[in-house]
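Notes follow the structure.
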Amino acid sequence: MRIILLGEPGAGKGTYSAELVKRYGIPQISTGDMLRAAVKAGTALGRQAQEYMKKGELVPDSVVIELIRERIQERDAAKGFILDGFPRTVPQAQSLEKMLESMSIGLSTVLKIEVNKATLLRRLTGRRVCPNCGATYNIDTMKPKKDGICDKCGKELIQRPDDRPETIENRLAVYQKDTAPLIEFYEKKGLLRRVQCEGEYNEVMARIFDSLEKVAKV
Ligand code: AMP
């Protein structure tokens, strides 16, 4: 399956992707994670991306398109993939379409994660991540066993710099301006499925899996 998860920052794309990885055995491809890895490694790409990321702006299309072009051709992506955080603009979506066409493959579906603004803000401000293994927690809803410590590797959890309140509003505004037009873009192609993602975690996951059951396994 080739799935795009579309939704505001904080909607839960990363968390839900991790569950889809377990169920379908296909990789999660997150441009945000790839860019953060480049920032951490101090590469030229990372240094360029960091300037945009810390302000909550989008990294230029050309940069993320090249990252994705290489990543989807890797071996583990041959069976399918979950795109988390890409595409984020119409030009990115158009480039993806061309890439997939040239590989003679298509998208299975685009899942639009629907949550209200209060939930987004709670998920963003409460998110804590492990700088070592990337595991994600929430101080209200997905607490680690020991406060502030990663369950998986024991490292101290941090707040992403772009999850601070001053950056969050900008990220949400950028989403409305640049990413929300993708809803119509994929709706017109008959690929969009909206999933209501408010409420208890297991129920939300059941709704997501239910929605994917109806998708052709292309
Ligand atoms: P995320 O982890 O998906 O919330 O992404 C964190 C940040 O990385 C975003 O606020 C952007 O600065 C950058 N980023 C991630 N994915 C993209 C993308 N597809 N296009 C442009 N910038 C991106």
Side-chain angles (χ1 to χ4, degrees), residues 2-18 20-21 27-41 43-72 81-100 107 110-113 115 117 119-131 133-138 157-183 185-186 197:
R2 297 181 198 90
I3 307 166
I4 291 178
L5 289 189
L6 187 60
E8 284 97 332
K13 300 184 295 294
T15 308
Y16 304 139
S17 295
L20 301 183
V21 168
Q28 168 196 14
I29 300 181
S30 155
T31 38
D33 285 350
M34 293 163 88
L35 292 168
R36 276 184 292 277
V39 170
K40 198 171 163 192
T43 62
L45 167 77
R47 285 195 299 278
Q48 188 196 356
Q50 190 172 26
E51 293 308 308
Y52 298 94
M53 294 169 81
K54 69 183 180 204
K55 290 185 267 183
E57 300 288 337
L58 293 184
V59 171
D61 286 340
S62 56
V63 173
V64 283
I65 287 167
E66 282 320 304
L67 281 180
I68 287 291
R69 191 189 305 283
E70 285 176 19
R71 182 65 186 88
I72 61 173
F81 46 73
I82 302 144
L83 290 180
D84 156 13
F86 182 94
R88 252 178 163 101
T89 64
V90 170
Q92 289 180 19
Q94 289 165 334
S95 294
L96 175 67
E97 201 172 26
K98 289 206 192 90
M99 277 179 225
L100 297 179
L107 287 170
V110 178
L111 282 192
K112 167 68 175 57
I113 308 293
V115 287
K117 186 160 179 193
T119 303
L120 289 178
L121 291 177
R122 212 173 45 244
R123 289 183 183 173
L124 286 167
T125 53
R127 175 158 61 186
R128 296 293 180 273
V129 295
C130 174
C133 73
T136 300
Y137 302 86
N138 189 289
L157 302 177
I158 59 161
Q159 183 173 42
R160 268 171 51 173
D162 58 348
D163 278 346
R164 301 209 176 103
E166 56 279 19
T167 316
I168 285 176
E169 281 303 330
N170 191 37
R171 288 169 66 204
L172 293 175
V174 166
Y175 174 87
Q176 283 310 328
K177 179 170 142 296
D178 293 323
T179 310
L182 292 179
I183 299 171
F185 180 91
Y186 285 119
C197 292

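Note that these values count all heavy atoms, side chains included, but never hydrogens, waters or copies made by symmetry. Only a predicted model underlies this, so the values are computations on that prediction, with no experimental measurement involved. Indexing begins at 1, ligand by ligand and atom by atom, following the structure's order.
- Atom CG in L35 sits 9.0 Å away from atom OG1 in T43 (nearest 0.5 Å).
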Quiz: residues 45-58 side-chain donor-acceptor pairs under 3.5 angstrom, not counting sequence neighbours:
unit_1 : atom_1 : unit_2 : atom_2 : d
R47    : NH1    : G42    : O      : 2.7
E57    : OE2    : N170   : ND2    : 3.1

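- Around ligand 1, the residues contributing at least one heavy atom under 4.0 Å from the ligand are T31, G32, L35, R36, M53, E57, L58, V59, V64, G85, F86, R88, Q92, R160, D162, R171.
- One finds a salt bridge joining D163 and R171 here, because a Lys/Arg side-chain nitrogen approaches an Asp/Glu carboxylate oxygen to under 4.0 Å.
- Without hydrogens or angle criteria, T89 side chain to D178 main chain gives no donor-acceptor distance under 3.5 Å.
- In this structure a side-chain-to-backbone donor-acceptor pair under 3.5 Å is missing from K13 to I113.
- Not one N or O on the side chain of R88 forms a donor-acceptor pair closer than 3.5 Å with the backbone of T179.
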